[in-house]
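Reading through the structure tokens given below for one structure.
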There are 2 protein chains.
Amino acid sequence: MNLAADFKEIDTKLYRYMLKELTQKDNKCHDCKDISCAAAVLNSNQLDLVSSNSQESLFKKGEVILNEGSLTSHIIYLKAGIAKEYIKGTGEKERILRLVKKHSYLGLPSLFGDRINHYSYSALEDCKVCYIDINVFNGLVRENGNFAYEILVSTSRDSLSNINRFIHRSQKKIFGRVAEAILYFAKIIYESDEFELPFSRQEFADLIDVSRESATRVLLKFNSEGIIQIKDRSLLVVNMDLLEQISRKG
Amino acid sequence: MNLAADFKEIDTKLYRYMLKELTQKDNKCHDCKDISCAAAVLNSNQLDLVSSNSQESLFKKGEVILNEGSLTSHIIYLKAGIAKEYIKGTGEKERILRLVKKHSYLGLPSLFGDRINHYSYSALEDCKVCYIDINVFNGLVRENGNFAYEILVSTSRDSLSNINRFIHRSQKKIFGRVAEAILYFAKIIYESDEFELPFSRQEFADLIDVSRESATRVLLKFNSEGIIQIKDRSLLVVNMDLLEQISRKG
DNA sequence: TCCATGATGTGATTTAGATCACAAATATAT
DNA sequence: ATATATTTGTGATCTAAATCACATCATGGA
């Protein structure tokens with residue numbers, strides 16, 4: 001073997017590796033598998049700008065990602081994991097507004113509303129997020145109407161579905177609410193009729209605004225009637241149709 | 001007097017008048033006293049485009065402006081008057097989401113969400129509205145990022161305040177809710193501690209999601225305790241501080 | 001004018017679901 | 001392991017507010 005040739009080969013590999021690393025760093029958003037619908041309409045220069053003004057970060061299950069009342073300096077994009085959006089009420093009780101799945105921005109209405117975060121977010125699973133400088137983000141909205149349009153579509157959909165949930169909830173009795181929550185997990189969050197609840201019964205109750213005791217009772221009633229099978233935090237929907245009927249009829 | 005000269009003068013006046021009329025028609029948005037914050041950032045060409053693709057219309061008190069379930073072909077801007085935003089529940093009961101004051105667009109989230117109107121609107125006072133073609137409107141969003149930004153700000157604020165109301169309402173007992181509604185009229189809608197309720201007790205109750213009877217009882221209790229003075233539909237807030245306390249404490 | 005229809009006020013009754021008060025099971029720390 | 005805290009399940013009260021059932025009081029049309 002030729003030592004010089006060996007070195008050359010190693011050198012080449014190293015060079016390629018470093019080049020790839022550097023390229024990835026500079027183009028991290030270009031190659032991102034988890035890019036948002038909105039960012040997908042940005043041009044190459046605009047993506048470069050985002051790349052050099054964003055930062056990835058990880059959160060362990062249970063950690064707080066963002067606290068209500070704080071000032072918005074960066075917009076947060078959820079690349080992976082599930083987070084809960086909530087507000088801390090008076091005392092111990094918290095109100096869970098919704099769960100946020102990956103590929104969503106956190107707290108957009110707060111950014112455009114008054115720059116103060118109105119909701120808190122914490123990780124229900126390990127989460128990967130991207131911080132993007134808000135001036136860069138706002139600049140892109142003003143510079144690229146198509147980007148702005150996508151952001152509008154996403155905030156509008158969120159707004160409609162939030163209000164929809166609130167309105168229908170206030171008309172529903174407790175059975176309807178529990179059914180609604182189960183369907184929310186099965187159809188929207190996990191898209192499967194079998195899943196693990198990502199939190200305690202107390203939090204389940206906080207999500208539908210009933211007491212912990214009542215939520216438990218109804219969950220066990222559904223279980224004994226064979227509509228669902230629940231054991232600790234693992235849940236299987238047995239009779240989806242009936243559950244939907246209960247949710248609709250309230 | 002010289003008849004010819006007279007005619008000439010009349011002619012000139014007529015000419016000027018017609019010119020003004022025509023000019024106003026072509027530049028109706030340019031001269032509009034009720035232009036939206038968003039439209040204020042449009043350039044002259046873009047305003048021309050809006051001018052020639054919009055149409056003013058009047059609604060009498062009580063008339064339905066827009067019906068939920070309909071497809072959006074035009075965006076509606078409220079130039080004058082007050083409208084109620086509501087959804088028709090099952091049966092007779094309707095849920096009033098909020099009142100909309102002049103200088104607001106109606107149903108923006110529906111436009112960007114899925115193009116189907118989610119809420120109904122009816123006039124609580126005589127209303128003047130402007131219809132704008134949605135393709136023109138969407139075109140402006142995509143073409144002018146600053147316009148899009150203003151629309152985002154306005155939809156975001158609406159979203160935050162709606163959700164805020166829903167969240168706090170669900171924590172409040174009936175006294176807090178009635179107090180909240182009175183403050184809503186005094187501080188936000190009429191900006192005066194004396195005003196006429198624009199609708200019946202039933203609708204007042206629909207706004208805060210309590211029964212008509214309960215709403216009446218609390219209103220009369222506040223009256224007898226000297227917190228407010230209410231006679232038919234005219235209402236005077238006597239003790240604003242106390243009302244705010246009641247609203248906050250729930 | 002009178003009748004019909006709807007909007008209001010008010011007491012009596014009912015009820016859904018919160019709250020309380022534990023027991024059992026599970027997880028966490030020492 | 002043992003002790004301590006947290007999460008869950010379950011029955012027994014309690015209560016706020018809906019519902020029911022009328023009595024007035026307006027309003028508007030024939």
Could you state the [atom1]-[atom2] distance from [X] to [N], rounded to the nearest angstrom?
| X | N | atom1 | atom2 | result |
| --- | --- | --- | --- | --- |
| Arg201(A) | dT7(D) | CZ | P | 12 Å |
| Lys221(A) | dA16(C) | NZ | P | 12 Å |
| Arg177(A) | dA16(C) | CZ | P | 14 Å |
| Leu219(B) | dT10(C) | CG | C1' | 15 Å |
| Asp232(A) | dT8(D) | CG | P | 8 Å |
| Arg169(B) | dA16(D) | CZ | P | 21 Å |
| Arg212(B) | dA17(D) | CZ | C1' | 14 Å |
| Asp206(B) | dA18(D) | CG | C1' | 14 Å |

By nearest atom, which of the nucleotides [options] is closest to the [X] side chain?
| X | options | value |
| --- | --- | --- |
| Lys93(B) | dA18(D), dT10(D), dT19(D) | dT19(D) |
| Ser211(A) | dA18(C), dG9(D), dA17(D) | dA18(C) |
| Glu213(A) | dT19(D), dG9(D), dC20(C) | dC20(C) |
| Arg217(B) | dA12(C), dA12(D), dG17(C) | dA12(C) |
| Ser200(B) | dG9(C), dT8(C), dT10(C) | dT8(C) |

On DNA chain C, more 5' by nearest nucleotide between Ser214(A) and Gln202(B) is Gln202(B)
Q) Has the side chain of Ser54(A) got a donor or acceptor atom that lies under 3.5 Å from a matching backbone atom of Cys130(A)? A) no
### Task
Tell me whether the guanidinium CZ or amine NZ of Arg233(A) lies under 6.0 angstrom from the six-membered ring centre of Phe195(A) and within 45° of its axis.
no
Is the terminal nitrogen or CZ of Arg169(A) (NZ for Lys, CZ for Arg) located under 6.0 angstrom from the six-membered ring centre of Phe166(A) and within 45° of that ring's axis? yes
Considering every strand and a 4.0 Å limit on heavy-atom distances, what is the contact class for Arg233(B): base, sugar-phosphate, or nothing?
sugar-phosphate
Q) Is the distance between the ring centroids of Tyr86(A) and Tyr121(A) under 6.0 Å? A) no
* Asked: Distance check: side-chain N/O of Thr216(A) vs OP1/OP2 of dG9(D), anything under 4.0 Å?
  -> yes
* **Plane angle bin for Tyr77(B) and His103(B) - parallel if under 30°, tilted between 30 and 60°, otherwise perpendicular** => parallel
